[in-house]
Amino acid sequence: MSKTVIPFTGKVVNFNTTLRFVEVISRLESEINKAGSANIIGRLRTVQNQEEFMAVVKRTIGQDFLYFSEMPHSKLLKFVDGVEKPKIVVYTVGNPIIAQKILKYNPLAAYSIPPRLLIIEEPQGTTVSYHLPSTVMGVLHGENHPILQAELELLDGRVERLAAKITAVRSDIVNENP
């Protein structure tokens, strides 16, 4: 038996918005096709080849991601001291096609695949947080792999676009055609 400890530094990204929690959740669920993603794990378990895999994912995926699950952590706190707690929920979202590319080069990334978004109700709005994929999925036995890093940077951008889109208020949207 041997034990290995691999140090790494992860980054947490926070998007803060004045939008209400329910609005952010509604936008997220629309973007990840929550309604159409029901039982995606069961459907993926039945595929027999890459073509079937791709067909299931492409039929199901929202813009860049699909819905896997949600964990309403605020329910864990509901009965702690009888005080209403802010809403806290973690959504597990992902893109199995991207996951294949990352896992090909780093099986340790499975710890963090699919990515998760933490949505917290705040007094003045909502916070959406996530681990920056390149910082938690890039740990590869101390090695740096350029193809893996390129895939992770693309994923970083996709997750950031999702978080920005679901937290944007009208004044955040820049008119590119003045």
Side-chain angles (χ1 to χ4, degrees), residues 12-79 84-103 109-134 136-137 151-174:
V12 175
V13 178
N14 294 320
F15 277 77
N16 300 300
T17 182
T18 56
L19 293 174
R20 292 179 42 234
F21 181 86
V22 294
E23 175 66 18
V24 173
I25 294 296
S26 175
R27 289 178 178 192
L28 174 62
E29 290 180 356
S30 175
E31 286 295 313
I32 60 175
N33 187 22
K34 179 180 177 183
S37 297
N39 193 30
I40 186 62
I41 294 172
R43 287 186 281 159
L44 288 173
R45 283 186 181 141
T46 66
V47 300
Q48 299 296 312
N49 54 51
Q50 184 68 12
E51 292 75 28
E52 288 180 21
F53 172 83
M54 296 294 282
V56 168
V57 172
K58 289 183 178 184
R59 263 194 322 269
T60 308
I61 203 156
Q63 296 296 325
D64 280 327
F65 299 103
L66 52 82
Y67 168 87
F68 284 98
S69 68
E70 65 192 84
M71 177 65 68
H73 287 293
S74 48
K75 292 191 186 234
L76 296 174
L77 299 172
K78 186 175 182 178
F79 305 109
E84 187 69 25
K85 304 294 183 196
K87 293 177 181 73
I88 303 169
V89 63
V90 174
Y91 277 77
T92 304
V93 304
N95 183 322
I97 297 168
I98 295 171
Q100 281 183 326
K101 294 174 184 178
I102 294 168
L103 291 169
Y111 282 125
S112 301
I113 292 175
R116 290 175 295 284
L117 295 175
L118 171 64
I119 296 97
I120 302 174
E121 181 181 48
E122 304 283 1
Q124 302 303 317
T126 306
T127 299
V128 174
S129 301
Y130 60 89
H131 292 138
L132 187 65
S134 61
V136 295
M137 296 179 196
E151 290 295 336
L152 291 171
E153 288 171 11
L154 288 172
L155 181 57
D156 286 351
R158 287 178 175 195
V159 176
E160 180 174 341
R161 281 189 299 280
L162 174 63
K165 189 169 186 178
I166 66 173
T167 59
V169 291
R170 284 232 173 264
S171 63
D172 293 338
I173 301 170
V174 177

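For the single chain, residues carry numbers from 1 onward in sequence order.
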*How would you list, by chain and number, every residue that makes a salt bridge (charged side-chain N to carboxylate O under 4.0 Å, His left out) with Arg27, sequence neighbours excluded?*
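Checked Arg27 against salt bridge (charged side-chain N to carboxylate O under 4.0 Å, His left out); matches are Glu23.
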- Query: Residues in salt bridge (charged side-chain N to carboxylate O under 4.0 Å, His left out) with Lys165, at least two apart?
  - Reply: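 Partners of Lys165 under the salt bridge (charged side-chain N to carboxylate O under 4.0 Å, His left out) test: Glu31.
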Under a 4.5 Å cut-off applied to non-hydrogen side-chain atoms, are [X] and [Y] in contact?
X	Y	value
Thr167	Thr126	no
Leu117	Val159	yes
Arg161	Arg158	yes
Leu162	Leu28	yes
Leu77	Ile88	yes

| said: Taking salt bridge (Lys or Arg N to Asp or Glu O under 4.0 Å) as the cut-off, I'd like each qualifying pair that reaches into residues 120-132, sequence neighbours left out, listed once. | reply: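 Every salt bridge (Lys or Arg N to Asp or Glu O under 4.0 Å) pair that includes a residue of residues 120-132, provided the two are not neighbours, is Lys87-Glu121.
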By side chain to side chain contact (heavy atoms under 4.5 Å, CB included) - contacts of [X] (at least two apart):
X	value
Gln48	Glu52
Pro114	Phe68, Thr92
Ser112	Val136, Met137
Ile61	Val57, Leu66, Asn95

Taking only residues two or more places apart in sequence or in another chain, which ones pass side-chain hydrogen bond (donor to acceptor under 3.5 Å, both in side chains) with [X]?
X	value
Asp156	Ser134
Gln100	Gln50
Tyr130	none
Ser129	Asn14

Atom of [X], atom of [Y] and distance for their closest heavy-atom approach:
X	Y	result
Ser74	Pro86	CB-O, 3.4 Å
Ile120	Phe21	C-CD1, 4.1 Å
Glu160	Phe15	CG-CZ, 3.7 Å
Tyr91	Ile119	CD1-CD1, 3.7 Å
Ala109	Ile102	CB-CG2, 3.6 Å
Pro96	Phe53	CB-CZ, 3.4 Å

Nearest 0.5 Å, please: how far is [atom2] in [Y] from [atom1] in [X]?
X	Y	atom1	atom2	value
Asp64	Ile98	CG	CD1	6.5 Å
Met54	Asn49	CE	CG	11.5 Å
Leu118	His131	CG	NE2	9.0 Å
Glu29	Glu70	CD	CD	5.5 Å

Over 12 foreign heavy atoms within 6.0 Å of NE2, His73 =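 It does: His73 NE2 has more than 12 such atoms within range.
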side-chain contact (heavy atoms from CB on, under 4.5 Å) evaluation trace for Ile40 with Val56:
CA-CA 8 Å; Ile40 186 62; Val56 168; 3.7 Å; yes
- Task: Enumerate the residue pairs fulfilling side chain to side chain donor-acceptor pair (under 3.5 Å) with a member in residues 53-62, sequence neighbours excluded, ordered by first and then second residue.
- Result: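 Side chain to side chain donor-acceptor pair (under 3.5 Å) check on residues 53-62 returns Arg43-Thr60.
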